Amino acid sequence: DIHSELNGVLIAWQMRKPADVLGSSLAMLLHRFASDGAEEQPEGSLEATPPLLEPGELAPPAVPEDTRTAKFWADVMNRAFSRLGDSSTPLGQECVGEALAQQQRDLLDSAFGSMMQKSRKGMQQGLRRIADGVVELSEQLEAACTGARHSPAMLRLRSAAKRLHVLAMAKSLIKPGGVHVEYEPMKALTVGGVDVHLELNRFIGAWLHRKGPEALGEALADFFDDFRAQEEPDA
């Protein structure tokens with residue numbers, strides 16, 4: 001499965017990241033194929049050919065360890081909950097787990113990769129993925145932690161994610177063939193009549209620039225809070 005690595009290369013290229021970032025992303029992708037070809041060298045083939053480089057000379061950059069682990073995601077969600085009115089920090093690292101942390105990393109890489117195709121279809125697909133991912137995340141956190149089940153911020157976040165899912169899926173009732181997502185690349189994004197361009201940019205930026213859990217949690221909360229039900233008060 002090279003999904004995450006390929007997304008990393010595409011994002012680095014599309015976002016015009018520095019050469020070292022693009023090179024590191026490319027090395028991570030190629031590293032996944034490094035072991036496969038080396039095992040099937042026929043006898044008398046290039047196996048006996050001396051290497052072009054001495055060991056350690058111009059070696060590819062080491063694959064960086066992703067520090068966005070279970071603890072990182074627990075801190076992200078606690079910060080998001082605080083932003084949405086619950087400062088009780090109901091989640092511990094044990095509530096998330098490394099498998100769920102990896103799932104969230106893959107989700108954001110995939111969703112933001114779709115959005116950065118700079119098409120309305122790609123944007124709509126990315127919005128649906130994020131909405132569905134947050135709904136699934138909330139359900140898993142509630143199953144793992146009692147504190148999450150009783151958090152009003154959790155309910156608020158899940159409600160907003162479900163509303164985003166509907167808006168990103170539904171056909172407009174006013175304009176036949178239209179949709180609730182209006183998108184002009186690099187300029188405007190309106191979902192269900194709500195302008196979310198700035199909030200989404202901050203969310204994407206916090207992820208791509210590997211900001212800390214506080215910045216990512218606040219950006220996540222601010223983005224989804226744009227989709228809260230009208231009767232819900234501000235946090």
Side-chain angles (χ1 to χ4, degrees), residues 7 10-11 14-17 68 72-87 91 104-138 141 151-170 172 178-235:
N7 268 342
L10 294 175
I11 290 172
Q14 291 173 337
M15 292 294 290
R16 299 179 181 273
K17 294 290 186 179
R68 294 177 289 194
F72 177 92
W73 279 102
D75 292 342
V76 167
M77 298 309 297
N78 281 327
R79 186 67 171 189
F81 291 165
S82 178
R83 194 82 161 179
L84 297 174
D86 179 4
S87 58
L91 299 181
Q104 295 312 301
R105 294 197 297 266
D106 292 345
L107 166 70
L108 292 189
D109 282 342
S110 173
F112 292 154
S114 293
M115 292 178 185
M116 292 171 64
Q117 294 173 8
K118 299 180 181 179
S119 67
R120 187 175 61 78
K121 181 178 179 181
M123 177 59 69
Q124 200 164 357
Q125 289 175 341
L127 291 171
R128 286 202 302 266
R129 286 174 184 166
I130 284 185
D132 293 345
V134 166
V135 170
E136 182 178 354
L137 173 63
S138 69
L141 291 178
S151 171
M154 175 70 84
L155 298 176
R156 182 170 178 169
L157 181 63
R158 183 168 60 235
S159 174
K162 288 182 176 180
R163 185 163 185 260
L164 173 58
H165 170 86
V166 171
L167 292 173
M169 288 285 292
S172 172
V179 292
H180 282 297
V181 177
E182 299 177 16
Y183 175 56
E184 187 176 358
M186 308 300 292
K187 293 183 179 180
L189 173 63
T190 302
V191 183
V194 180
D195 184 354
V196 297
H197 179 68
L198 294 179
E199 289 85 351
L200 181 59
N201 271 351
R202 192 157 66 90
F203 190 12
I204 294 175
W207 179 252
L208 294 184
H209 295 293
R210 305 182 71 87
K211 300 289 187 181
E214 294 80 10
L216 183 61
E218 289 179 2
L220 183 152
D222 290 348
F223 172 70
F224 277 100
D225 205 39
D226 282 340
F227 302 100
R228 69 180 184 276
Q230 295 301 315
E231 64 271 13
E232 292 181 356
D234 292 332

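Quick caveat: nothing in here was measured; it's all calculated off a predicted structure. For the single chain, residues carry numbers from 1 onward in sequence order.
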Let me have the donor-acceptor pairs involving side chains of residues 194-202, under 3.5 Å, with sequence neighbours excluded, atom names and distances please.
{"from": "D195", "atom 1": "OD1", "to": "H197", "atom 2": "N", "distance (Å)": "3.1"}
{"from": "H197", "atom 1": "NE2", "to": "N201", "atom 2": "ND2", "distance (Å)": "3.3"}
{"from": "R202", "atom 1": "NH2", "to": "D222", "atom 2": "OD2", "distance (Å)": "2.2"}

Atom pairs and distances, side-chain donor-acceptor, residues 184-193, under 3.5 Å, sequence neighbours left out:
none

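Atom OG in S114 sits 11.5 Å away from atom CD in Q124 (nearest 0.5 Å). Rounding to the nearest 0.5 Å places CD1 of I204 at 7.0 Å from CE of M116. To the nearest 0.5 Å, the span separating CG on L127 from CZ on R120 amounts to 11.5 Å. A distance of 10.5 Å separates CD of E218 from CG of L84, quoted to the nearest 0.5 Å. The OG atom of S151 sits 10.0 Å away from the CZ atom of R158 when rounded to the nearest 0.5 Å. Going from atom CG of L167 over to atom CG of D226 covers 11.5 Å, rounded to the nearest 0.5 Å.
For the pair N78 (side chain) and L91 (backbone), a donor-acceptor distance under 3.5 Å is present. Here the side chain of R105 pairs a donor or acceptor atom with the backbone of R68 at under 3.5 angstrom.
The two residues A206 and A219 have their closest heavy-atom pair at CB-CB, 4.4 Å.
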> So H165 and V135, side chain to side chain contact (heavy atoms under 4.5 Å, CB included) or not? Walk me through it.
Replying inline: CA-CA 9 Å; H165 170 86; V135 170; 6.0 Å; no

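Under the salt bridge (charged side-chain N to carboxylate O under 4.0 Å, His left out) criterion, R128 pairs with no residue, sequence neighbours left out. Residues passing the side chain to side chain contact (heavy atoms under 4.5 Å, CB included) test with E136 are Q103, Q140, sequence neighbours excluded. Annotation: side chain to side chain contact (heavy atoms under 4.5 Å, CB included) contacts of L107 (sequence neighbours excluded): Q104, R129. A215 is linked by a side chain to side chain contact (heavy atoms under 4.5 Å, CB included) to K211, counting only residues two or more places apart in sequence or in another chain.
Ion pair R79/E214 not flagged as a salt bridge, since none of the NZ, NE, NH1 or NH2 atoms sits closer than 4.0 Å to an Asp/Glu carboxylate oxygen.
Side-chain contact between R228 and R163: absent, with no pair of heavy atoms (C-beta onward) separated by less than 4.5 Å. Side-chain contact between F224 and I130 is present, with at least one heavy-atom pair separated by less than 4.5 Å. Under the 4.5 Å side-chain criterion, counting only non-hydrogen atoms from C-beta, L220 is not in contact with W207. At least one side-chain heavy atom of R156 sits less than 4.5 Å from a side-chain heavy atom of D225.
Ring planes of F112 and F203: perpendicular class, angle over 60° (limits at 30 and 60°).
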